[in-house]
Protein chains: 2
Amino acid sequence: MDLDRHFVSGSIPLLVMKLLDEKDLYGYQMIEELRRRSDDTFHLRAGTLYPLLHSLEEKGWVTAYEREASAGKPRRYYHLTEQGRAAFREKETAWNAYARAVGQVLKGGACHAGA
Amino acid sequence: MDLDRHFVSGSIPLLVMKLLDEKDLYGYQMIEELRRRSDDTFHLRAGTLYPLLHSLEEKGWVTAYEREASAGKPRRYYHLTEQGRAAFREKETAWNAYARAVGQVLKGGACHAGA
DNA sequence: TGACATATATCGTTGATCTATATATAATGC
DNA sequence: GCATTATATATAGATCAACGATATATGTCA
């Protein structure tokens, strides 16, 4: 990724699965889409994405199919399975809990209001 | 850490430095404090914290001094230097940018409002 | 012809975090 | 008295996500 590479860990699958939750995409497209949606904050590397997609496929979270493009190499589209969608929801919830907790500490947790 | 260990990377130094930005603490205390402030979300491990503190010391971001406790082993307190405070502010800004970008993508970035 | 964008893919390295283990002291239980 | 647990610090080895580098093939543009 970029920015500060040390905030990244684990959130890349989350972001990629979010894109696939909306519609099928091919790899290169995900890189561009992620860059666009994050206002140029995320620069996902090909060397990071493709192995990730293969690992998602092994887990049964995505399936892949090839389709010819009007020009250039055929594109490999990825589709999020039902299992993948469930995994995504879980990851999303976990991220929200995590980000909230970090925010809470950074806010100056000295006083933490109960409920 | 815990929760989902794959959201953690890089945020531990941030959280630890946040605690030290308020006052000097010893290691064991940081573990307890972080757990408390995050409502039991963060379970920082001793094997993670102490090597981290040593690396912060090497960078000149913290200094350490020993002080006797009323009982038990003497405690090693850590103090955030001016340099450390500057580094913390930077990390905090980077985290906020990162978390915001993730949130933006998760919100359903199809339409991204300019400005 | 060479450079560049598109598009997918693999390999070796780095490095943050984890688990396991070690030390020492004080309090608690048997 | 002796074992266990909590306090407190510390190191070593393993894991694994992400990185950079590299390889491939095609199409476009100069």
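The structure presented is a predicted model; accordingly, all values stated were derived computationally and were not measured.
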Between P of dT8(C) and CD of Glu32(A), the distance in whole Å: 11 Å
Spacing of Arg67(B) atom CZ relative to dT7(D) atom P, expressed in whole Å: 21 Å
First encountered from the 5' end of DNA chain C, between Ile31(A) and Ile12(B): Ile31(A)
Sugar-phosphate, base or nothing in reach of Gly27(A), heavy atoms under 4.0 Å: sugar-phosphate
Atom-pair distance (CZ on Phe42(B); C1' on dT17(C)), nearest Å: 14 Å
Phosphate OP1/OP2 of dA18(D) contacted by Arg45(A) side-chain N/O (<4.0 Å): no
SB check Arg37(A) Glu22(A) (cutoff 4.0 Å): yes
Interatomic distance where CG belongs to Leu14(A) and C1' belongs to dA18(D) [whole Å]: 16 Å
Atom-to-atom span, CD of Glu68(A) to P of dA25(D) - whole angstrom: 16 Å
Atom-pair distance (OH on Tyr28(B); C1' on dA26(C)), nearest Å: 13 Å
Arg35(B)/Glu32(B) ion pair, N-O < 4.0 Å: no
d(CZ, Arg75(A); C1', dT8(C)) in whole Å: 12 Å
side-chain N/O His54(B) vs dT11(D) OP1/OP2, d < 4.0 Å: yes
Arg100(A) atom CZ: more than 12 heavy-atom contacts under 6.0 Å: no
Ring centre gap for Phe42(A) and Tyr98(B) strictly below 6.0 Å: yes
Sugar-phosphate only, base, or nothing, as touched by Tyr77(B) at under 4.0 Å among non-hydrogen atoms: nothing
First of Gln29(B) and Gly10(A) reached from the 5' end of DNA chain D, by closest nucleotide: Gln29(B)
Phosphate contact (dT8(C) OP1 or OP2) by Tyr26(A) side-chain N/O below 4.0 Å: no
Rounded interatomic separation in angstrom, taking CE from Met17(B) and C1' from dA16(C): 16 Å
Parallel, tilted or perpendicular: ring planes of Tyr77(A) versus Tyr65(A), cut at 30 and 60 degrees: parallel
Nearest to side-chain heavy atoms of Thr48(A), which nucleotide of dA18(D), dT9(D), dA9(C): dA18(D)
